[in-house]
Amino acid sequence: DTGVSQDPRHKITKRGQNVTFRCDPISEHNRLYWYRQTLGQGPEFLTYFQNEAQLEKSRLLSDRFSAERPKGSFSTLEIQRTEQGDSAMYLCASSRDRANGYTFGSGTRLTVV
Amino acid sequence: AQRVTQPEKLLSVFKGAPVELKCNYSYSGSPELFWYVQYSRQRLQLLLRHISRESIKGFTADLNKGETSFHLKKPFAQEEDSAMYYCALSGSGNTGKLIFGQGTTLQVKP
């Protein structure tokens, strides 16, 4: 297990297109998180899964955003009808429990043109 | 409201000088606090957690509930400490959701 993997590393898309990102967490971690980070800011929480259940979503996550973790393993984050304001680094993290902190992936950098 | 404030965007020190990266938080309950670090071209990684009271790479951080602070300290900075440092708060609920500060860039000059 090489840690948390995210794919793709970079994505450039035209405004209005749909994009999907994938995250493969550490296999024994049942908690999975998505964050978004823009330039000069810290990561902002988007959503949380415990196993396959999506237990919390941020108000930042508009109706155009959807996330899944169908078998409690990998997760996908889809953005429909992308807007320029969606340009950001999308980070995935996993953890075994609340107290021990996260392991982050390298992120997917989205640029909407 | 739960909030983390890192007042300094950039902290520049000379090698061997002491370092203190400031973090203040706003939270009404018992917080869990973390420091994360991101070295150049690397992913964000956990540096330390307040509950473990550990010292990692010479860094320590003490939770001061009276001042609602969790400052990160190191007595003698090294050039390899140059990185972006984020303070984060895990607040209410069982999700483990983190609220991050804006980050402080630490630059250690030779």
Side-chain angles (χ1 to χ4, degrees), chain A residues 1-7 9-10 23-26 29-51 53-61 67 69 75 88-109, chain B residues 1-10 21-25 29-54 56 59 61 63 70 72 83-105:
Chain A
D1 195 336
T2 56
V4 178
S5 300
Q6 290 190 247
D7 184 68
R9 293 291 299 272
H10 300 94
C23 171
D24 287 90
I26 293 174
H29 288 180
N30 60 358
R31 292 170 175 248
L32 186 146
Y33 304 84
W34 285 98
Y35 282 77
R36 180 170 68 186
Q37 186 174 22
T38 53
L39 199 62
Q41 302 295 318
E44 294 176 293
F45 171 78
L46 292 179
T47 191
Y48 160 65
F49 288 86
Q50 184 157 340
N51 300 310
Q54 187 175 22
L55 297 185
E56 186 168 347
K57 291 198 299 185
S58 164
R59 279 168 285 184
L60 290 175
L61 216 62
R69 193 182 182 196
S75 175
M89 176 73 85
Y90 289 85
L91 296 168
C92 177
S94 69
S95 72
R96 186 174 22 235
D97 53 48
R98 176 193 160 112
N100 284 297
Y102 300 166
T103 301
F104 277 92
S106 296
T108 294
R109 182 170 296 284
Chain B
Q2 300 174 24
R3 189 169 58 245
V4 175
T5 303
Q6 294 178 250
E8 302 142 327
K9 294 200 81 168
L10 172 66
L21 296 161
K22 291 184 166 52
C23 171
N24 289 90
Y25 66 90
S30 290
E32 292 174 21
L33 286 147
F34 304 82
W35 277 97
Y36 283 80
V37 61
Q38 187 165 29
Y39 301 102
S40 180
R41 295 189 178 82
Q42 293 187 27
R43 62 186 68 188
L44 198 55
Q45 58 186 280
L46 178 66
L47 180 61
L48 54 79
R49 308 164 289 161
H50 94 268
I51 59 170
S52 59
R53 302 186 64 82
E54 56 203 342
I56 303 291
F59 285 98
L63 177 60
F70 188 57
L72 183 68
M84 176 70 90
Y85 291 80
Y86 293 97
C87 182
L89 163 72
S90 179
S92 58
N94 191 38
T95 65
K97 173 178 77 176
L98 291 179
I99 298 161
F100 284 85
Q102 291 186 308
T104 298
T105 300

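Protein chains get the first letters and strands the later ones, always in sequence-line order, with residue 1 at the start of each.
- In terms of non-hydrogen atom pairs under 4.5 Å with chain A, the most contact-rich of Gln102(B), Gln6(B), Gln42(B) is Gln102(B).
- Between Leu46(B) and Gly101(A), the shortest heavy-atom distance links the atoms CD2-CA, 4.2 Å.
- A distance of 9.5 Å separates OG1 of Thr95(B) from CD of Gln50(A), quoted to the nearest 0.5 Å.
- In terms of heavy-atom pairs under 4.5 Å with chain B, the best-connected choice from Gly42(A), Pro43(A), Gly107(A) is Pro43(A).
- Contacts of Thr103(A) with chain B are absent, with no heavy-atom separation under 4.5 Å from either backbone or side chain.
- With a 6.0 Å radius and a threshold of 12 heavy atoms from other residues, nucleotides or ligands, Leu39(A) has its CG atom at or below the threshold.
- Looking at Leu98(B), the atoms closer than 4.5 Å to chain A (heavy atoms on both sides) sit in the backbone and in the side chain alike.
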Tabulate below the donor-acceptor pairs under 3.5 Å that side-chain atoms of residues 83-90 of chain B make, not counting sequence neighbours, or state none.
residue, atom, partner, partner atom, Å
Tyr85(B), OH, Asp81(B), O, 2.6
Tyr86(B), OH, Gln37(A), NE2, 2.8

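- Counting heavy-atom neighbours within 6.0 Å of Arg43(B) CZ, excluding the residue itself, gives a total above 12.
- Not counting sequence neighbours, Arg36(A) has no partner by the salt bridge (Lys or Arg N to Asp or Glu O under 4.0 Å) test.
- Atom OH of Tyr35(A) is separated from atom NZ of Lys97(B) by 8.0 Å, given to the nearest 0.5 angstrom.
- In terms of modelled atom types and a separation under 3.5 Å, the side chain of Tyr102(A) and the main chain of Gly96(B) share a donor-acceptor contact.
- Glu56(A) touches chain B through its side chain: at least one heavy atom from C-beta onward sits under 4.5 Å away, while N, CA, C and O do not.
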